K.L.:
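Got a structure for you, questions after.
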Protein chains: 2
Amino acid sequence: MRNDVRERRTADGLSQAALASALGVSRQTVNAIEQGRYLPSLPLAFALALHFGVRVDELFHPDPEDLP
Amino acid sequence: MRNDVRERRTADGLSQAALASALGVSRQTVNAIEQGRYLPSLPLAFALALHFGVRVDELFHPDPEDLP
DNA sequence: ATCGGATGTCAAGGTAGCTTGACATCGCCC
DNA sequence: GGGCGATGTCAAGCTACCTTGACATCCGAT
């Protein structure tokens with residue numbers, strides 16, 4: 001599951017910490033999601049998409065192999 | 001976080017068990033998601049949306065209060 | 001030369017998503 | 001009036017998500 005969080009965050013000139021606090025999560029969570037260390041929950045995925053003004057499917061791109 | 005899983009599943013004439021096996025999850029998981037007992041993971045939300053041929057935001061509707 | 005902001009990463013702990021297995025109820029069909 | 005498919009629900013257990021707290025590194029500015 002790829003995502004465009006880092007690209008959109010840096011395009012907005014935000015630090016990981018700034019994005020994290022805007023979303024109400026920890027900085028480590030943003031870092032882990034950007035690096036693909038784990039996937040966000042559904043509400044967090046919605047919160048990220050809402051923050052960047054895009055849809056969930058525009059921010060997260062499931063690979064064929066992680067869909068059942 | 002409301003969702004339209006039950007409506008779409010019954011519209012397709014599927015049982016919870018049939019949908020579950022089509023998605024590669026357990027029947028209890030489908031039941032719990034339909035009843036709002038817990039939220040699906042992001043890949044499962046994508047799998048559900050893909051199965052019904054809609055986008056994630058067309059299937060799941062976050063309430064304002066569950067967005068941070 | 002060093003201070004601060006930004007990032008990467010680890011450990012330990014809590015909670016939520018998901019599992020299997022089991023049991024109960026309901027409605028329908030034979 | 002018994003059987004069966006569909007649904008609801010529980011318990012116990014595993015893993016993933018997310019937390020706080022800490023420490024290391026890397027630049028860029030002073």
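Source: prediction; values computed, not measured. Atom set for the values below is all heavy atoms of this structure, side chains included, hydrogens, waters and symmetry mates excluded. Residue numbers start from 1 in every chain, and the chains themselves are labelled A, B, ... in the order their sequence lines are given, proteins ahead of strands.
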K.L.:
Nearest to the side chain of A:Gln16, which nucleotide is it out of D:dT20, D:dT9, C:dG8?
P.N.:
C:dG8

K.L.:
Between C:dC18 atom C1' and B:Leu19 atom CG, what is the distance in whole Å?
P.N.:
15 Å

K.L.:
Any idea which heavy atoms bring A:Asp63 and A:Met1 closest together, and the distance?
P.N.:
OD2-N, 3.0 Å

K.L.:
Protein within reach of the bases, or only the backbone? For nucleotides 22-30 of chain D, mark each nucleotide 5' to 3' as B, S or -, using heavy atoms under 4.0 Å.
P.N.:
B--------

K.L.:
Are any of B:Arg6's side-chain N or O atoms less than 4.0 Å away from OP1 or OP2 of D:dA6?
P.N.:
no

K.L.:
Whole angstrom is fine here: how far is it from CG in A:Leu42 over to P in D:dC18?
P.N.:
10 Å

K.L.:
If only side-chain N and O atoms of A:Arg9 are considered, is one of them under 4.0 Å from the OP1 or OP2 phosphate oxygen of C:dT7?
P.N.:
yes

K.L.:
Answer yes or no: does a side-chain N or O of A:Ser41 lie under 4.0 Å from OP1 or OP2 of D:dC18?
P.N.:
yes

K.L.:
Among B:Asp4, B:Thr10, B:Asn3, exactly one meets side chain to side chain contact (heavy atoms under 4.5 Å, CB included) together with B:Arg6. Which residue is that?
P.N.:
B:Thr10

K.L.:
Rounding to a whole Å, what distance do you find between B:Gln35:CD and C:dC18:P?
P.N.:
15 Å

K.L.:
Atom CD of B:Glu34 to atom P of D:dT9: distance rounded to whole Å?
P.N.:
12 Å

K.L.:
Search all heavy atoms of A:Phe60 against all heavy atoms of B:Phe46 and return the closest pair with its distance.
P.N.:
O-CZ, 3.6 Å

K.L.:
Please determine whether side-chain contact (heavy atoms from CB on, under 4.5 Å) holds for the pair B:Leu42 and A:Val56, giving the CA-CA distance in whole Å, both sets of side-chain angles, and the decisive distance to 0.1 Å.
P.N.:
CA-CA 10 Å; B:Leu42 187 58; A:Val56 171; 4.2 Å; yes

K.L.:
Distance check needed: C:dT7 C1' versus A:Ile33 CD1, whole Å only.
P.N.:
16 Å

K.L.:
Where the side chain of B:Ser26 is concerned, which of C:dC18, D:dA6, C:dT19 is the nearest nucleotide?
P.N.:
C:dT19

K.L.:
Could you tell me whether the side chain of B:Glu58 and the main chain of B:Arg55 form a donor-acceptor pair under 3.5 Å?
P.N.:
yes

K.L.:
Between B:Val54 and B:Leu48, does a side-chain contact (heavy atoms from CB on, under 4.5 Å) hold up when you go through it step by step?
P.N.:
CA-CA 9 Å; B:Val54 297; B:Leu48 280 159; over 6 Å; no

K.L.:
Which pair of heavy atoms, one from B:Ala22 and one from B:His51, lies closest together, and at what distance?
P.N.:
CB-CE1, 4.1 Å

K.L.:
Rounded to whole angstroms, how far apart are OH on A:Tyr38 and P on D:dC14?
P.N.:
22 Å

K.L.:
State whether B:Thr29 places a side-chain N or O below 4.0 Å from either non-bridging phosphate oxygen (OP1 or OP2) of C:dT19.
P.N.:
yes

K.L.:
Check whether any side-chain N or O of A:Asn31 sits under 4.0 Å from OP1 or OP2 of C:dT7, and answer yes or no.
P.N.:
no

K.L.:
Round to a whole Å and report the spacing from CZ of A:Arg37 to P of C:dT7.
P.N.:
15 Å

